[in-house]
Every structure is written in structure tokens, then in C-alpha cells.
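For reference, the structure discussed in these notes is given below.
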Amino acid sequence: MEEQHSPINSEMMSAPSYKLLVTTPMAAIMVSGKPKSEWSDLLESIGLTYASAAGETQGEINAALETVAFMLQGGDRLIRKYFQDESLSLERMMEISATGADIWMCKLGDGEIEKPDVIKLFQTIQAGLIETVGDLREENQMIDQLIQVQDKVIEHINSLS
């Protein structure tokens, strides 16, 4: 029987740079007003988006997208396990997201990651936001702002030389 390869890097999954990929959509889901019983399914729904984007990136961003996609596609059990040691508050999700974004920007500035890959990362986060709660964008200002922030980050990255 063939041994199944798991792309989950459990050590890196606790890093804010990886957590950003889950906490940003989780924050949007939390403010959406959608019932808690739907949260895991909403997160799981973006796993394929992340997996697809992983195929278009390289290096650490590829590893992050691939790892998080695998975890999300594992469904409710893996998602619950992922958040078991984390306070599920909006403030905490936003704090982790901001720290994760800062880390990716530092890595870009240090030349550790490529500009097209980091742009793809933030485009993918935005796609995940739109996929999970985009239908509420017009009626929920916080969701709209979370989606717009991704545009601003991408615009900033594009302006860098």
C-alpha cells in the first residue's frame, strides 16, 4: 500500500504567517452573523481555492498555501483541532492576521519571497473572503473592509520596486 504524503507542516501551522490564511477568513465569518454550525464548512470551502493558488506559487508561499489547503480540506475535525488552543475572538483573529501580514511583508522586503508570490497570496486570501462571506459585503461594512484591505496590500506591494 502506498504511504500517503501529508503536506501539513504542523510546526509552521502555528506561525502567524501561516495562520493569516485561516484567521482572516475566520474573522470575516465571525462578523458575518452566520451560525457557528456553518463556520467549519465555510472555511473548508476555501481549501480548493488555496490548493489551486499553491500551484501558481513557489517556495514558502507555496508551502503555506498547500499546508493550509490540506488542513481545510480535512474538514471539521482538522479545523476544530487547529483552533483548539486558540481563543476564538475577533480581536485575536485580527491580531494574528495583522502579525502574519507583517511577517510576509518583512520576508518580501528581505528578498526571502518573490513579489508575484506574495501578491498571489493576498489575492488568494481575498478570494477566500469573497467565497465565504462575499455575499454579505454590501450589508456588512467590516466584511467589505476586510476585502478592501487585501486590495490595499496588493496595491502597496505593486508599488514597491
Side-chain angles (χ1 to χ4, degrees), residues 7-9 11-34 39-40 42-73 79 82-83 86-161:
I8 290 189
N9 181 336
E11 183 180 311
M12 290 307 295
M13 280 302 293
S14 63
S17 56
Y18 278 51
K19 282 189 169 193
L20 161 73
L21 295 165
V22 181
T23 58
T24 303
M26 186 62 184
I29 291 167
M30 291 172 85
V31 300
S32 73
K34 295 190 181 210
W39 290 6
S40 285
L42 288 166
L43 282 174
E44 186 178 353
S45 73
I46 61 176
L48 289 176
T49 301
Y50 284 14
S52 175
E56 299 173 30
T57 59
Q58 300 175 24
E60 190 175 352
I61 290 180
N62 170 272
L65 287 166
E66 204 172 74
T67 298
V68 174
F70 185 84
M71 185 273 295
L72 292 174
Q73 290 172 346
I79 292 169
Y82 181 66
F83 282 113
E86 203 59 68
S87 165
L88 276 181
S89 69
L90 179 61
E91 294 81 21
R92 182 69 180 138
M93 296 299 107
M94 296 303 291
E95 175 187 328
I96 293 169
S97 295
T99 303
D102 286 346
I103 290 169
W104 287 120
M105 294 305 291
C106 287
K107 287 177 181 274
L108 176 64
D110 291 345
E112 295 177 36
I113 55 177
E114 298 294 322
K115 188 173 173 178
D117 289 336
V118 78
I119 288 171
K120 186 65 178 176
L121 175 88
F122 286 102
Q123 288 173 332
T124 304
I125 292 168
Q126 184 178 51
L129 289 168
I130 291 168
E131 189 169 331
T132 56
V133 293
D135 59 322
L136 302 172
R137 187 175 187 175
E138 288 185 21
E139 58 198 64
N140 188 316
Q141 186 178 14
M142 182 67 169
I143 289 171
D144 185 53
Q145 287 177 355
L146 284 168
I147 293 169
Q148 285 183 38
V149 162
Q150 308 314 308
D151 279 333
K152 296 292 183 193
V153 171
I154 293 163
E155 186 179 301
H156 174 71
I157 294 166
N158 275 322
S159 74
L160 299 172
S161 32

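Keep in mind that what you see is a predicted model, and the values were worked out from it rather than measured.
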Decide yes or no for [X] and [Y]: does some side-chain heavy atom of the first lie under 4.5 Å from some side-chain heavy atom of the second?
{"X": "D117", "Y": "N62", "answer": "no"}
{"X": "I103", "Y": "K19", "answer": "no"}
{"X": "V22", "Y": "V68", "answer": "yes"}
{"X": "Y18", "Y": "E60", "answer": "yes"}

For [X] versus [Y], what's the shortest heavy-atom pair and its separation?
{"X": "A69", "Y": "A51", "result": "CB-N, 3.5 Å"}
{"X": "A54", "Y": "E66", "result": "CB-N, 3.8 Å"}
{"X": "I46", "Y": "P25", "result": "CD1-CG, 3.7 Å"}
{"X": "G100", "Y": "L20", "result": "C-CD2, 3.9 Å"}
{"X": "L146", "Y": "A27", "result": "CD1-C, 4.3 Å"}

Under a 3.5 Å distance rule, please check whether [X] uses its side chain to pair with a backbone N or O of [Y] as donor and acceptor.
{"X": "K120", "Y": "I61", "result": "no"}
{"X": "T24", "Y": "L21", "result": "no"}
{"X": "K115", "Y": "L108", "result": "no"}

**OP:** Might you work through the side chain to side chain contact (heavy atoms under 4.5 Å, CB included) test for V31 and L90, ending with a clear yes or no?
**Re:** CA-CA 8 Å; V31 300; L90 179 61; 3.5 Å; yes
Between atom [atom1] of [X] and atom [atom2] of [Y], what is the distance when rounded to the nearest 0.5 Å?
{"X": "K152", "Y": "E155", "atom1": "NZ", "atom2": "CD", "answer": "5.0 Å"}
{"X": "I147", "Y": "N140", "atom1": "CD1", "atom2": "CG", "answer": "9.5 Å"}
{"X": "M26", "Y": "S40", "atom1": "CE", "atom2": "OG", "answer": "7.5 Å"}
{"X": "M30", "Y": "M142", "atom1": "CE", "atom2": "CE", "answer": "10.5 Å"}
{"X": "L129", "Y": "S32", "atom1": "CG", "atom2": "OG", "answer": "11.5 Å"}
{"X": "Q58", "Y": "I113", "atom1": "CD", "atom2": "CD1", "answer": "12.0 Å"}

Subject >> Criterion side-chain contact (heavy atoms from CB on, under 4.5 Å) against L72, the qualifying member of T67, L43, L48, T49 >> reply: L43
Original post:
Hey, mind stepping through I79 and M71 against side chain to side chain contact (heavy atoms under 4.5 Å, CB included) and telling me if it holds?
Top reply: CA-CA 7 Å; I79 292 169; M71 185 273 295; 4.0 Å; yes
**OP:** Could you check E95 against T23 for side chain to side chain contact (heavy atoms under 4.5 Å, CB included), going step by step and ending with a plain yes or no?
**Re:** CA-CA 9 Å; E95 175 187 328; T23 58; over 6 Å; no
**OP:** For E114, look at atom CD and say whether over 12 heavy atoms of other residues, nucleotides or ligands are found less than 6.0 Å away.
**Re:** no
**OP:** Please step through side chain to side chain contact (heavy atoms under 4.5 Å, CB included) for the pair K34 and T132, ending with a clear verdict.
**Re:** CA-CA 10 Å; K34 295 190 181 210; T132 56; over 6 Å; no
